Amino acid sequence: MSFSQNYQQLPTVDKDSGEQESLQRKDPRKRRFLLFVIAIITIMGAFFLPCARMIRSRGLWATCNGSQRNSSTLAKLPSHYTLPSGDNIPSVALGVWQASKGEVGNAVKTALAAGYKHIDGAWIYRNEEEVGQAIKESSVPREELWLTSKLWNTFHAPEDIETALDQSLSMLGTDYLDLYLIHWPVAFKKEGNAILDEDLTADPYPTWQKLEELVDKGKIRNIGISNFNIRRIQNLTANKLKYQPAVNQVELNFWNPQPELLKWSKENGLLLEAYSPLGSDKQVGNSLSVPEVKAIACKLGITPAQVIISWSVQRGTIVLPKSVTPSRIVENLEVFEIPQEDFELLEKAAASHAPQRVVNPSAGWKLPFDVFDGQ
């Protein structure tokens with residue numbers, strides 16, 4: 001533990017040098033004991049201060065007023081949703097977006113040991129090989145897992161899709177995916193860097209037809225979409241589809257709650273998956289500090305992160321919290337039913353501010369349009 005320059009070490013005895021010399025000679029045990037106590041305090045401070053900062057950042061030291069419930073008395077939320085295929089998809093997954101090499105494998109192993117059954121990844125995350133190795137080392141049977149990957153923009157041409165899928169299957173160490181999503185409603189040409197393929201962007205039906213073919217071949221069990229707004233979903237489903245999209249994975253959280261998309265999706269039998277459920281980038285701290293979130297956490301005896309994740313599942317969505325910190329991975333899996341009045345309070349609070357979408361690559365890809373236009 002480092003001290004400021006103004007810190008003055010306490011003298012072991014009176015400043016009188018003769019008395020100090022006498023103590024050192026006559027009773028060295030007292031001096032050694034005092035030094036031992038100081039050392040212990042220093043070590044404890046160095047260990048606990050970082051922990052305290054972490055706990056405070058997660059909102060675990062919120063001041064609670066009034067009675068608190070024990071989380072063991074709370075009802076559990078659904079652990080799975082049933083897709084049109086009849087398959088049951090787990091309602092909480094470990095998301096591995098932005099999980100770097102050397103970290104993602106341990107995160108996956110921690111998650112599987114904690115009871116996760118759903119891992120959400122993508123080819124473009126560039127960590128599928130490490131994810132696959134972690135799954136192999138975990139010894140969890142393949143049939144007990146739900147593995148999701150995503151088709152990147154460069155591979156939307158029907159002749160390129162199976163090759164891209166096979167790469168993901170090989171890296172993950174499996175011969176089928178439970179769910180394969182079109183990552184973005186934007187197609188790139190194979191040549192060049194993020195050059196828009198206008199035809200396949202305007203009409204994703206040829207891409208979808210190839211995915212349907214791969215379902216029939218047994219390489220994929222369910223197919224879906226990601227980052228599609230209502231207009232783009234309708235553009236796809238206006239075609240004669242053999243298999244309807246099973247899910248739509250979108251940025252969905254307190255700051256970007258998308259109530260219109262959620263309502264429309266429920267009315268049309270399309271399940272939403274929420275990525276960045278605690279907020280994107282630097283929003284997480286703000287999410288955990290929302291007064292309504294902290295108040296509900298205190299009332300129910302759970303953490304602010306668990307409040308937000310539980311609220312997301314209670315909204316009827318699949319939630320994809322991402323973390324490489326073991327304690328947070330375990331914490332994020334525990335979801336509880338929030339009392340209806342508190343659920344409605346959160347819904348109202350989330351709708352009380354202008355939506356804040358963080359993930360929008362339109363400008364970065366130099367698109368001549370905003371991918372979310374026409375919602």
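Note: hydrogens, waters and symmetry copies are ignored here, and every other heavy atom, side chains too, is used. We're numbering straight along the sequence, starting at 1. Quick caveat: nothing in here was measured; it's all calculated off a predicted structure.
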* Asked: Taking it one step at a time, do Y116 and I329 satisfy side chain to side chain contact (heavy atoms under 4.5 Å, CB included)?
  -> CA-CA 9 Å; Y116 283 77; I329 292 171; 3.6 Å; yes
Check whether any side-chain heavy atom of [X] sits under 4.5 Å from a side-chain heavy atom of [Y], and report yes or no.
X    : Y    : result
K76  : E337 : no
E198 : T201 : no
K117 : W146 : no
D120 : V96  : no
I195 : F188 : no
V371 : P185 : yes
T148 : L177 : no
R315 : L262 : yes

Please answer whether the main-chain N or O of [Y] pairs with a side-chain N or O of [X] as donor and acceptor at a distance below 3.5 Å.
X    : Y    : answer
E130 : N127 : no
E334 : Q306 : no
D203 : D199 : no
N268 : W264 : yes
W184 : F228 : no
S352 : A349 : yes
S170 : D166 : no
N222 : D178 : yes
H118 : P90  : yes
S362 : D370 : no

Approximate separation, where rounding is to 0.5 Å, of [X] [atom1] and [Y] [atom2]:
X    : Y    : atom1 : atom2 : answer
I161 : K219 : CD1   : NZ    : 12.0 Å
Y243 : Q209 : OH    : CD    : 13.0 Å
T207 : N153 : OG1   : CG    : 10.5 Å

Tell me whether the count of non-hydrogen atoms from other residues, nucleotides or ligands lying under 6.0 Å of [atom1] in [X] goes above 12.
X    : atom1 : value
D216 : CG    : yes
E162 : CD    : yes
K109 : NZ    : yes

* Asked: Is the closest basic N to carboxylate O distance between K190 and D160 below 4.0 Å?
  -> yes
* Is it true that D87 and R221 make a salt bridge, defined as a side-chain N closer than 4.0 Å to a carboxylate O? -> yes
* To do: Determine, step by step, whether Q340 and E344 satisfy the side-chain hydrogen bond (donor to acceptor under 3.5 Å, both in side chains) criterion, reporting the C-alpha distance in whole Å, the side-chain angles of both residues, the deciding distance to 0.1 Å, and the verdict.
  => CA-CA 6 Å; Q340 187 62 27; E344 292 174 359; 3.0 Å; yes
* State whether a side-chain donor-acceptor pair under 3.5 Å links E251 with S276. => no
* Asked: Do T303 and E331 get their side chains close enough for a donor-acceptor pair, meaning under 3.5 Å?
  -> yes
Are [Y] and [X] co-members of a hydrophobic cluster defined by side-chain heavy atoms under 4.5 Å apart?
X    : Y    : value
V324 : V330 : no
Y205 : L200 : no
Y176 : I182 : no

* To do: Apply side-chain hydrogen bond (donor to acceptor under 3.5 Å, both in side chains) to Q133 and E137, showing your working.
  => CA-CA 6 Å; Q133 184 61 33; E137 292 175 7; 3.0 Å; yes
* To do: Test V358 against N256 for side chain to side chain contact (heavy atoms under 4.5 Å, CB included), laying out the working first.
  => CA-CA 9 Å; V358 173; N256 190 32; over 6 Å; no
* Asked: Would W123 and F155 count as a close aromatic pair, with their ring centres under 6.0 Å?
  -> yes
* Could you walk me through whether R231 and D373 pass the salt bridge (charged side-chain N to carboxylate O under 4.0 Å, His left out) test, one step at a time? => CA-CA 9 Å; R231 180 178 66 83; D373 276 351; over 6 Å; no
* Derivation and outcome, side chain to side chain contact (heavy atoms under 4.5 Å, CB included), residues N239 and W208 -> CA-CA 10 Å; N239 297 284; W208 192 259; over 6 Å; no
* For the student: nearest non-hydrogen atoms of L236 and P245, plus distance -> CD2-CG, 4.2 Å
* To do: Give the minimum heavy-atom separation between E128 and S168, together with the two atoms involved.
  => OE1-OG, 2.8 Å
* Can E212 and K217 be said to form a salt bridge (charged side-chain N to carboxylate O under 4.0 Å, His left out), step by step? -> CA-CA 9 Å; E212 291 177 327; K217 289 181 71 170; over 6 Å; no
* To do: Kindly determine whether T174 and R142 satisfy side-chain hydrogen bond (donor to acceptor under 3.5 Å, both in side chains), including the steps that lead there.
  => CA-CA 8 Å; T174 184; R142 173 64 183 91; 2.8 Å; yes
* Structure fact -> Which of L181, L179, N227 passes side-chain contact (heavy atoms from CB on, under 4.5 Å) with K150? It is L181
* Test side chain to side chain contact (heavy atoms under 4.5 Å, CB included) on H183 and L151 and set out the steps. => CA-CA 5 Å; H183 204 149; L151 177 72; 5.8 Å; no
For residues 316-323, which side-chain donor-acceptor pairs fall under 3.5 Å, sequence neighbours excluded?
from, atom 1, to, atom 2, distance (Å)
T317, OG1, S312, O, 2.7
S323, OG, T325, N, 3.1

